[in-house]
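Letters go in sequence order (proteins before strands), and every chain restarts at 1. These numbers were taken from a predicted model, which means no experiment stands behind them. Values reported hereafter were calculated over all heavy atoms of this structure, with side chains retained and with hydrogens, waters and symmetry mates removed.
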Amino acid sequence: AQSVAQPEDQVNVAEGNPLTVKCTYSVSGNPYLFWYVQYPNRGLQFLLKYITGDNLVKGSYGFEAEFNKSQTSFHLKKPSALVSDSALYFCAVRTNYGGSQGNLIFGKGTKLSVKP
Amino acid sequence: DTGVSQDPRHKITKRGQNVTFRCDPISEHNRLYWYRQTLGQGPEFLTYFQNEAQLEKSRLLSDRFSAERPKGSFSTLEIQRTEQGDSAMYLCASSRTSGGARSTDTQYFGPGTRLTVL
């Protein structure tokens, strides 16, 4: 079965410091991986995705993620955090085998808190 | 560029009542997905359409739930005889895909409909 794990419920970072939000996955075949951000009472906003190619993926708002096949990880990173980055972050893997064609399986989410 | 819209944004109902939610996808997006999100959890897949065809339904989608996309544009999700356990945020997403398991399209989400069943 395909799954996504976000081991940290919450990450606290000081403004200006680098941030990392962790994600590990379990899939059959090649993974299609996504990061979304959710602000309070809002839907999910797409940040970036990994399909194939370069292991370092750059996305919106200065975020990037590193795909590591040997560690089955897809951690989200940003060199310098902003207070406005405070939100809920979701990692997701896309189903891509068998009879299922495309729904996303999400992790439980990680709450990022950036303090001034 | 109009994003995915959902209506209503909030719905409060009494147990046993029927409710219907609407989703309008991004124009020309041929796939439309429904997810459910409960507090402290990530979204869980319910069902999806490619054009007007409902191609997959999750086991989470009990027989009280029904979804339609009659003309391949907007979609409705109906819950009959609501239960308190149905209280959740219902999210709609859409994407434009060339089809098949190798498709790499990105799903764009609407703001959600928050359902509270009393």
Heavy-atom count check: over 12 atoms from other residues, nucleotides or ligands less than 6.0 Å from A:Leu56 CG?
yes
Rounded to the nearest 0.5 Å, what separation is found between the CZ atom of A:Phe90 and the CD atom of B:Gln37?
4.5 Å
Counting neighbours of CD on B:Glu68 that are heavy atoms of other residues, nucleotides or ligands and sit closer than 6.0 Å, is the number greater than 12?
no
Does any non-hydrogen side-chain atom of B:Thr106 lie less than 4.5 Å from one of A:Tyr36?
yes
Joint cluster assignment, B:Tyr33 & B:Phe21, ILVMFWY side-chain distance < 4.5 Å
no
Under 4.5 Å from any heavy atom of chain A, what part of B:Glu44 do you find: side chain, backbone, both or neither?
neither
Counting neighbours of OH on A:Tyr61 that are heavy atoms of other residues, nucleotides or ligands and sit closer than 6.0 Å, is the number greater than 12?
no
To the nearest 0.5 Å, what is the distance between OH on B:Tyr35 and CG on A:Asn103?
5.5 Å
Between A:Arg94 and B:Asp105, is a salt bridge (Lys or Arg N to Asp or Glu O under 4.0 Å) present by the stated rule, with each step listed?
CA-CA 10 Å; A:Arg94 180 193 173 98; B:Asp105 56 290; 3.2 Å; yes
Does atom CG of B:Leu118 have more than 12 heavy-atom neighbours, drawn from other residues, nucleotides or ligands, at distances under 6.0 Å?
yes
State, to 0.1 Å, how close B:Leu91 and A:Gly43 come at their nearest heavy-atom pair, and which atoms those are.
CD2-CA, 4.3 Å
Straight-line distance of B:Tyr48 OH to A:Leu104 CG, nearest 0.5 Å:
11.5 Å
Please answer: with hydrophobic residues joined when any side-chain heavy atoms are less than 4.5 Å apart, are A:Phe74 and A:Leu76 in the same cluster?
yes
Considering only heavy atoms, which portion of A:Gln38 lies under 4.5 Å from any heavy atom of chain B: side chain, backbone, both, or neither?
side chain
